[in-house]
Amino acid sequence: PTNPALSATLRHANPFYTSAPIVDVSAADFMSLSHLTTDGGTIGVWIRGGSTNFVGSYLTTSHAAGDGIRFDSVLPGSRLDHISALANGGNGILVNGPIDQIFDSEVSANQGGGIRLTAQTGVRLEANRVLDNRGAGIYLEATTFTTGTIVIGNENLALNRGNLVR
């Protein structure tokens, strides 16, 4: 939608016979996806196939059989903000590979972990609410050749931009 106060919702027409992600972004560089809600599917939003410089904002994923948002990343330069990943069958947000930032998001009631990040070279997690997930709240695995800075929260505590994990 062009109106930022509105959000479009996507779901499979017949979820009993359709086994696929709701949104599958493959080999799409410099793409933005915003103000979108997904319900169901095997994965809510899957970014893969070498997609770089992806920006996902104001996305809501719920009730996916697997991960709410899955991002198979190859290069830094992408970010997720204002994400709601709720009641998914896997992780709320799973990022395999580098991502620059995840901030101002709520990741709750997922059957796997809240935010799971693997093969990170540098990332900033700021002002996220990660609540009541079955697995780890935030799981971060850095590469052995990490060149960037990994920041969880904000250095300036007066800004109140820490992460709430419960």
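Between R79 and S57 the shortest heavy-atom distance is NH2-OG, 4.2 Å. Heavy-atom minimum distance, S78 versus T52: OG-C, 4.1 Å. Considering every non-hydrogen atom in both S105 and D81, the closest pair reads OG-C, 4.0 Å. Closest heavy-atom contact between V74 and G50: CG2-CA, 4.0 Å. The two residues S51 and S26 come nearest to each other via the heavy atoms OG-C, 3.7 Å. Counting all heavy atoms, side chain and backbone alike, S73 lies closest to L75 at OG-O, 3.2 Å.
Judged by distance alone, with hydrogens and angles left aside, the side-chain atoms of N163 form a donor-acceptor pair with the main-chain N or O of L125 at under 3.5 Å. A side-chain donor-acceptor contact under 3.5 Å links N133 to the backbone of N110. At least one donor-acceptor pair closer than 3.5 Å links the side chain of D67 to the backbone N or O of N91. Not one N or O on the side chain of N160 forms a donor-acceptor pair closer than 3.5 Å with the backbone of A158. Without hydrogens or angle criteria, N128 side chain to V130 main chain gives no donor-acceptor distance under 3.5 Å.
Taking OG1 from T61 and NE2 from H63, the interatomic distance works out to 10.0 Å, rounded to the nearest 0.5 Å. Distance CD1/I22 to OG1/T42: 7.5 Å, rounded to 0.5 Å. Distance check: R129 CZ to E106 CD gives 5.0 Å after rounding to the nearest 0.5 Å. If you take CG on L86 and OG on S108, they are separated by 6.0 Å, rounding to the nearest 0.5 Å. In this structure, the separation between CG on L36 and OG1 on T9 is 7.5 Å, given to the nearest 0.5 Å. Going from atom CG of D104 over to atom CG of L80 covers 12.0 Å, rounded to the nearest 0.5 Å.
Using a 4.5 Å heavy-atom threshold, the side chains of H12 and S19 count as separate. Contact annotation: the side chain of D29 never approaches that of N53 to less than 4.5 Å [non-hydrogen atoms, C-beta and beyond]. The side-chain heavy atoms of N96 and R116, taken from C-beta on, include no pair separated by under 4.5 Å. Contact check for L33 versus F54: side-chain heavy atoms found under the 4.5 Å cut-off. Side-chain contact check for V107 versus I83: every heavy-atom pair is 4.5 Å or farther apart. When side chains are defined from C-beta on, I69 counts as touching I47, because their heavy atoms get closer than 4.5 Å.
L164 and L140 fall into different hydrophobic clusters, where Ile, Leu, Val, Met, Phe, Trp and Tyr residues are linked whenever their side-chain heavy atoms come under 4.5 Å apart, directly or through other members. Follow the hydrophobic side-chain contacts under 4.5 Å out from W46 and you never reach I99; the two are in separate clusters. Residues V123 and L94 are members of separate hydrophobic clusters, defined by side-chain heavy-atom contacts under 4.5 angstrom among Ile, Leu, Val, Met, Phe, Trp and Tyr. Linking Ile, Leu, Val, Met, Phe, Trp and Tyr residues whenever their side-chain heavy atoms come within less than 4.5 Å leaves M31 and V55 in two separate clusters.
Other residues, nucleotides and ligands contribute more than 12 heavy atoms inside 6.0 Å of the CG atom of N156.
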Are D100 and R124 close enough, and set up right, to give a salt bridge (charged side-chain N to carboxylate O under 4.0 Å, His left out), and what steps lead you there? CA-CA 6 Å; D100 290 356; R124 176 179 289 274; over 6 Å; no

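None of V25, V45, V95, I102 except one satisfies the side chain to side chain contact (heavy atoms under 4.5 Å, CB included) rule with F71; the exception is V95.
Listed by first and then second residue, the ring-ring contact (aromatic ring centres under 6.0 Å, His included) pairs involving residues 72-110 are Y58-H82 (not counting sequence neighbours).
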